[in-house]
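Below, chain A is the first sequence line, B the second, and so on; all start at residue 1.
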Protein chains: 2
Amino acid sequence: MTPPPAPSDAVAIELNAVLVALTANQPLVLTLEDGTLLPSGPFATEHPTLQSGLRAWVERQTHHPLGYVEQLYTFADRNRPGSDGRQRIVSISYLGLTRERLSAGARDPEWRSWYRYFPWEDWRTGPAPLIAETILPRLGPWVDAGGDAGNRRERQQRVEVSFGDGRETWNEDLVLQRYELLYEAGLVPEAKHPAADPVPGMPMRHDHRRILATGIARLRAKIKYRPVFFELMPPEFTLLQLQRAVEALAGRPMHKQNFRRLIDQQGLVEPTGASTTEARGRPAKLFRFRREVVLERAAAGSKLPLSRPI
Amino acid sequence: MTPPPAPSDAVAIELNAVLVALTANQPLVLTLEDGTLLPSGPFATEHPTLQSGLRAWVERQTHHPLGYVEQLYTFADRNRPGSDGRQRIVSISYLGLTRERLSAGARDPEWRSWYRYFPWEDWRTGPAPLIAETILPRLGPWVDAGGDAGNRRERQQRVEVSFGDGRETWNEDLVLQRYELLYEAGLVPEAKHPAADPVPGMPMRHDHRRILATGIARLRAKIKYRPVFFELMPPEFTLLQLQRAVEALAGRPMHKQNFRRLIDQQGLVEPTGASTTEARGRPAKLFRFRREVVLERAAAGSKLPLSRPI
DNA sequence: TAATTAATACTCTAACTGAGCATAATGAGG
DNA sequence: CCTCATTATGCTCAGTTAGAGTATTAATTA
């Protein structure tokens with residue numbers, strides 16, 4: 001039952017990276033070739049581990065240290081988009097957070113707002129109009145084409161869970177589910193049987209937009225129980241800047257006073273003593289992160305009715 | 001920056017599986033060779049996707065369908081324990097939940113309680129005595145051997161976060177952190193420089209105990225926001241049986257009345273109408289899961305102060 | 001019949017969440 | 001100088017949730 005693994009026919013390891021930065025309240029992702037590709041490359045044989053290979057390669061390209069790295073997913077499907085079917089490519093994707101951007105305005109690599117790829121994910125100024133105006137109407141026919149009643153009902157439920165009603169209910173974490181639903185419905189150009197008229201949102205080559213969706217979803221889920229947005233902020237910042245950063249990632253507006261209360265309660269930041277007058281109104285105190293807390297914060301909230309140990 | 005990935009020298013893809021079942025309130029994991037290995041094997045070339053390869057292979061071995069499958073992690077480290085350093089092995093591990101066990105008492109493969117490998121993870125009857133009696137005392141010298149004060153302080157903090165004080169504070173999700181801490185401190189036999197006297201808990205070959213820790217951690221985290229324990233239960237069950245199942249996974253006792261309240265509120269189950277008298281006391285109603293709810297439950301709880309969309 | 005075991009129904013309190021009001025401190029424009 | 005727009009910050013409030021405990025019901029076993 002456990003024969004020694006024999007070398008498969010032709011296998012290549014490829015690394016894909018979703019590299020995220022923040023500027024001017026926009027969540028940015030590093031892209032290549034006119035925004036159609038995520039940075040990716042072969043896994044250099046000389047590196048002892050995957051992460052070290054990724055770090056070395058990214059830092060050589062961007063000249064900036066990679067703050068936080070997390071593995072996303074491994075694909076090895078034979079019929080993976082972009083594979084020619086003969087050689088098997090194992091694609092291992094990573095999420096990386098970095099504080100500084102590459103030289104601004106560079107063309108290749110280029111930082112782009114991830115909302116260019118997923119315009120329906122930006123609810124910072126209210127429900128994305130795209131959903132009620134375009135997406136839901138076009139998903140309707142797909143639901144109706146579901147065959148028997150049970151299947152139609154399931155499709156309808158998937159639409160409701162993923163996109164809500166387009167106005168109120170919205171779960172910002174379901175980035176991947178939404179993209180996959182649109183893919184399945186043929187509403188993105190990458191789909192095998194794309195509709196003549198896809199939904200707005202810039203496509204990418206191969207399955208890179210899918211990988212990007214995975215990275216955004218992971219990051220949105222993560223910030224709720226671990227303050228990784230640390231890695232994206234400058235050394236000093238105001239609380240409003242921090243709030244705008246989190247909003248950019250989550251794609252949702254937040255209640256200002258409650259946001260401050262939460263940050264305060266958790267002891268995540270400490271005042272530097274200085275304040276800034278860059279904005280128009282009352283000067284805001286500057287803060288820095290208390291890195292010590294990150295370790296302590298490993299404890300996540302529980303949703304089960306645990307009782308105190310006997 | 002994006003050369004076509006060239007085949008690395010010698011690469012083999014290997015699948016590792018953490019297969020979980022539940023019997024008699026014990027969380028079981030499928031093992032091979034006297035419990036020293038997780039089932040693993042080469043990725044068969046004929047399968048179009050990783051998951052289909054895994055499913056086919058597991059179902060051929062256990063003769064039972066695999067309910068829920070989730071990718072865990074991909075390792076490709078050159079100096080991975082068990083690798084001979086020449087050939088690079090890409091090891092992709094999966095978590096799988098299954099309802100039925102293999103023929104009871106079989107020797108190979110064999111189901112074993114995962115607490116044989118991680119005895120300190122079982123807090124169902126209160127704090128695991130092992131921690132205060134053995135683990136914390138042995139981690140003390142490791143903290144002291146940390147070199148400069150800063151490093152010692154960091155080690156101390158890691159110990160506190162991972163193991164708490166051994167009595168009250170305990171986060172059941174940190175299975176992997178705890179194992180890695182013990183590994184680093186040389187307190188498990190698998191470590192590169194193992195102490196003469198390791199902490200109790202059965203070791204495994206290669207990095208399989210590490211993979212198992214990853215699977216347990218993932219499962220414990222998952223049950224808090226998605227009712228995957230569905231996949232481990234028989235078609236009908238009492239609420240106490242369900243509670244014991246969740247407790248077995250989480251490794252912690254739960255408050256009976258509140259557990260029922262939570263299950264009830266979420267609408268996860270419906271009474272079958274029948275009841276059972278297998279236990280001694282008052283007969284309990286039998287329930288079954290409402291599978292429809294699983295889809296709806298995709299919505300997870302948020303911990304950020306979201307405001308209603310404008 | 002009494003003791004035991006388990007199921008189930010409520011209650012209570014502290015903490016947390018989403019929301020909003022009020023006030024303070026600044027620059028811009030008249 | 002005065003007013004207004006703008007941002008920061010302090011505080012309150014109601015509804016919900018989480019952890020804990022009390023009480024009652026319905027069966028089995030000694």
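- Between E172(B) and R178(B) no salt bridge is recorded (no basic side-chain N to carboxylate O distance below 4.0 Å).
- In this structure, the NZ atom of K256(B) is 16 Å from the P atom of dT22(D), given to the nearest Å.
- Distance, D264(A) CG to dG10(D) P: 8 Å, rounded to whole Å.
- Nucleotide dT16(D) holds its P atom 16 Å from the CG atom of L262(B), rounded to whole Å.
- When the C1' atom of dG18(C) is taken as reference, atom CD of Q265(A) falls 13 Å away, rounded to whole Å.
- Between L249(B) and L219(B), the closest side-chain pair of non-hydrogen atoms falls below 4.5 Å.
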Pairs: protein N or O with nucleotides 23-25 of chain C N or O, under 3.5 Å:
unit_1: dA24(C); atom_1: N3; unit_2: R282(A); atom_2: NH1; d: 3.1

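- A donor and an acceptor atom, one from each side chain of Q177(A) and Y179(A), are nowhere located under 3.5 Å apart.
- Distance, F287(A) CZ to dT9(D) P: 6 Å, rounded to whole Å.
- Between the CG atom in L28(A) and the CH2 atom in W114(A) there is a gap of 9.5 Å [rounded to 0.5 Å].
- Remark: C1' of dC21(C) and CZ of R260(A) are 16 Å apart, rounded to the nearest angstrom.
- Which of dT9(D), dG21(D), dT8(C) sits closest to the side chain of L239(B) comes down to dT8(C).
- In this entry the distance linking CG of L242(B) with P of dA7(C) reads 12 Å, nearest Å.
- For Y115(A), there are no ring pair (Phe, Tyr, Trp, His ring centres under 6.0 Å) partners at least two apart in sequence or on another chain.
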Please list, pair by pair, any protein nitrogen or oxygen found under 3.5 Å from a nitrogen or oxygen in nucleotides 10-14 of chain C.
none

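- A salt bridge does not link E160(B) to R155(B): none of the charged nitrogens lies less than 4.0 Å from a carboxylate oxygen.
- You'll find the side chain of V29(B) stays beyond 4.5 Å of the side chain of L19(B), heavy atoms only.
- Straight-line distance from the CG atom of L286(A) to the P atom of dA8(D): 11 Å, rounded to whole Å.
- Ion pairing between R220(B) and E121(B) holds under the 4.0 Å rule for side-chain N and carboxylate O.
- In this structure, the side chains of F237(A) and V269(A) come closer than 4.5 Å at one or more pairs of heavy atoms.
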